Amino acid sequence: MSGAKETPRQKMIGMMYLVYTALLAMNVSADILDAFTLVSDGQQKTNTSIEMKINNQYDAFEEQYNKEQAKTQVYWDKALEIREKTDEMVNYVENEVILPMLLAVEKEESLEGLLQSKDPSKPIIRNAERLKSNNRRVFYEVELANCDGKDNTDAPISLMINNNRAAELKQKIKEYREFIVNNMVDAGIKDYNSRVGLLTDVDHDGNPIKFYNANKEEIDWERKNFEHVVFAAEIAILNQIVGEIQTTEYDAVSTLMSRIGATDYKFNKLQARVIAKSDYVIQGQDYEAEVFLMASDTMRNFDAKYILGTNNFTDKGDVKTVRSQGGIVRLKLPGNKIGQQDFAGVVEMTNPETGDTEYHNFNASYMVAQPSATIAPTKMMIMYQELKNPISVSAPGFSNDEIMVNVEGGVLTKDKGAGNYFVEVNKGAKIVKVRISTKQNGSILSLATQEFRVKPVPNPVVNIGGYIVGGKYDKEEILAAGRIAASMKDFDFEGYNFTVDSYMVSTYRGTFIDKKNVGQYFSDEVKSIISNARTGQKISFEDIMVRSPKGELRNMGSIAIVIK
């Protein structure tokens, strides 16, 4: 302080003080090491949980592939490519980064040396038995509490900085990220880049990412993560990288699975229709028909062109055009001639993916003859379980008192009005047959028989607040919606409604968060998750369970939203 010349003894004391201060600066407290241990253990548990979800997703994807290979093939192939690339990436981090660093810190030559711990009660690797199984991926669950060198900084620097392993890891992360984005774009999924993390050099908008050390000096990604960092912290960092890789895989595979059928024609209404082989049946013949569901788009109109007197349509001759209404073309053809009448036509539709015009030809015939007995369902031509299915029965030439109606596979009750009935399907029945007959000269004369396919009541449509089915929303709007709603859209039976029983709310914010919500309205915990969500954070409402009026539970799948 005085500026006087220091003695050799004073110089020596000053030097020793500087060395002591440096040693104190390099020494990491036990509390901090314990904190790194807790963080690393928590991340390892999260990674294990993510891996289970990923495997379940692949199982569900494969099941869908086995059911609909033609529709699923392109997306399933992409998912398998992603799985193989992720295997390669995870195994690289575990085998080429974590394991060599752990061997150097613990001064062991091989994995066998680590597994043969001097104290069996304090293993270095927790999952030693699982490592012996033939898994696709290797995960080393390091027990940092039992590591002698958890405060070691030399081994990480030597491997990651001096031997350029950090630069190699960064390059592989960049290549993996590019692979995922390109694979999704090839599958027809646009703007996927913004959904993938694993950023090392630039952000989602292409702007450089800058890193700084404690002295506010700009450094690169490698030095930020692997220079002068203790081994315990390195393990936490590497486990976090593995977790982000797994999350990227899970989101990509989930998105691919959701794309199944995305390029199909969109229909918003299903109707049951009966197509008979012949509308004219003489006595002694059987009435045969096929029951099928007709899909239509009530929001899109189109033209149908047709010509009478032929089974092959051409644009020559007396071509008539009919405009659709509510997605259906209704033809009204003349019935002034006795005998079979043929007609053919074409419907022009625009392919929803390519925009090209596609031509769908049709032809049919009808018989003009004396009327025969008919069965006309009041609402639709299938019968639902748990409901009173109305039917109307008539037979030209016979009064209602002369007509007998029998039902096989259900219970028939009379409704108000002549010829109107209800049919309640028997439990377990797959087909309901309705037979119409009458008595003539003391004998039973069969007039008609109709088969109905039995179906369960269709699923309700679930959404958030009555209108949100997925996409990007402000969290205030989600909170205002306040609940998961279930409604029966385009269902002709009034008063039949499902109630929301429960659902799981899942998100990822450093770790996976899963909360069960009972009832339709958001619980306080769910509101808290939404309120604390960040921009770009994905929140999934999964396993949405609804209950029918008779107590049947159904799983309606999930709704995924992204916070704006």
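Basis for what follows: all heavy atoms, side chains included, without hydrogens, waters or symmetry-related copies. Predicted model, so just to flag it, every value in this text is computed and none were measured.
The backbone N or O of Phe211 lies less than 3.5 Å from no partner atom in the side chain of Lys224, so there is not a single donor-acceptor pair. Using modelled atom types, no side-chain atom of Asp474 and backbone atom of Lys564 make a donor-acceptor pair closer than 3.5 Å. At distances below 3.5 Å, at least one donor-acceptor pair connects side-chain atoms of Arg165 with backbone N or O atoms of Glu96. Without hydrogens or angle criteria, Arg509 side chain to Asn532 main chain gives a donor-acceptor distance under 3.5 Å. Checked by atom type and distance alone, the side chain of Asn182 never pairs as donor or acceptor with a backbone atom of Met184 at under 3.5 Å. Of the possible donor and acceptor atoms, none in the side chain of Asp251 sits under 3.5 Å from a partner among the backbone N and O of Thr247. Distance alone, capped at 3.5 Å, places no donor-acceptor pair between the Asn152 side chain and the Val105 backbone. One N or O on the side chain of Asn47 and one on the backbone of Asn239 form a donor-acceptor pair closer than 3.5 Å.
Checked against a 6.0 Å centroid threshold, the rings of Tyr65 and Tyr58 do not count as neighbours.
Note on Lys67 versus Glu63: salt bridge recorded, some NZ/NE/NH1/NH2 to OD/OE distance being below 4.0 Å.
For the pair Arg483 and Phe522, the cation-pi criterion (under 6.0 Å, within 45° of the ring axis) is not fulfilled.
When all heavy atoms are compared, the tightest approach of Leu199 to Asp203 is CD1-CA, 3.9 Å. Of all heavy-atom pairs between Ala533 and Ile563, the closest is CB-CG1, 3.8 Å.
Using cut-offs of 30° and 60° for the angle between ring planes, the Phe498 and Tyr496 rings count as perpendicular.
Here the side chains of Leu144 and Phe231 are in contact, with some heavy-atom distance below 4.5 Å.
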